[in-house]
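To start, the structure itself, in structure tokens.
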Amino acid sequence: TLRSLSTSAETYATSHSGAYPTTVAELTEFISSAGSYCANAAGGTTAVQGYNYGCTLAVGAYTFAATPVTVGTTGSVTYTATTGGVLTPL
């Protein structure tokens, strides 16, 4: 999911002279499920399948994060995807 969100943000930037999407609506041009994972793009999180998804969108950068709702039960690793398509487990 984070890879798909990141790829969509990178594709958006390629199509918009290097500017990344700043709203979920802009991101959904390239991934229709963005609203499900980034419903609260104003700094909050959205719980989906045991993970809290957070999306930070800005003209020059983005960060997508997935954190277990209950560490040890729903997952044990936090994952992030940042500008340039960098995916990292934390």
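Every heavy atom of this structure was used, including side-chain atoms; hydrogens, water molecules and symmetry mates were not. Each residue takes its place number in the sequence, starting with 1.
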For T73, is there any backbone N or O sitting under 3.5 Å from a side-chain donor or acceptor partner on T70? no
Looking just at side-chain N and O atoms, do E10 and Y20 make a donor-acceptor pair shorter than 3.5 Å? yes
Any side-chain heavy atom of P68 sitting closer than 4.5 Å to one from T78? yes
First locate atom OG1 of T11, then atom CD of E29, and finally report the distance between them rounded to the nearest 0.5 Å. 11.5 Å
Correct closest heavy-atom pair for T80 and A65 would be CG2-CB, 4.1 Å
pair F64-L27: side-chain heavy atoms closer than 4.5 Å: yes
Closest non-hydrogen atom pair between A9 and P21, with its separation: O-CD, 3.9 Å
Student check: side-chain heavy atoms of L5 and I31 closer than 4.5 Å: yes
Can you confirm whether Y51 sits close enough to Y79 that some side-chain heavy atom of one is under 4.5 Å from a side-chain heavy atom of the other? yes
Taking every non-hydrogen atom, the tightest pair across T22 and A58: CG2-C, 3.7 Å
Y62 and S6: which non-hydrogen atoms are nearest, and at how many Å? OH-OG, 2.7 Å
Verify same cluster id: L87, V77 (apolar side-chain graph, 4.5 Å): yes
For V24 versus C38, what's the shortest heavy-atom pair and its separation? CG2-O, 3.1 Å
As a quick check of understanding, evaluate side chain to side chain contact (heavy atoms under 4.5 Å, CB included) for T67 and Y53, giving each step before the final call. CA-CA 7 Å; T67 305; Y53 287 85; over 6 Å; no
With side chain to side chain contact (heavy atoms under 4.5 Å, CB included) as the test, would you mind laying out the steps for F30 and T28 before giving the verdict? CA-CA 5 Å; F30 295 92; T28 57; over 6 Å; no
Apply the test side chain to side chain contact (heavy atoms under 4.5 Å, CB included) to residues S8 and Y12: give CA-CA distance (whole Å), side-chain angles for both, the deciding distance (0.1 Å), then the verdict. CA-CA 6 Å; S8 298; Y12 180 96; over 6 Å; no
Taking all non-hydrogen atoms of both residues into account, name the closest pair between V86 and T88 and its distance. CG1-OG1, 3.8 Å
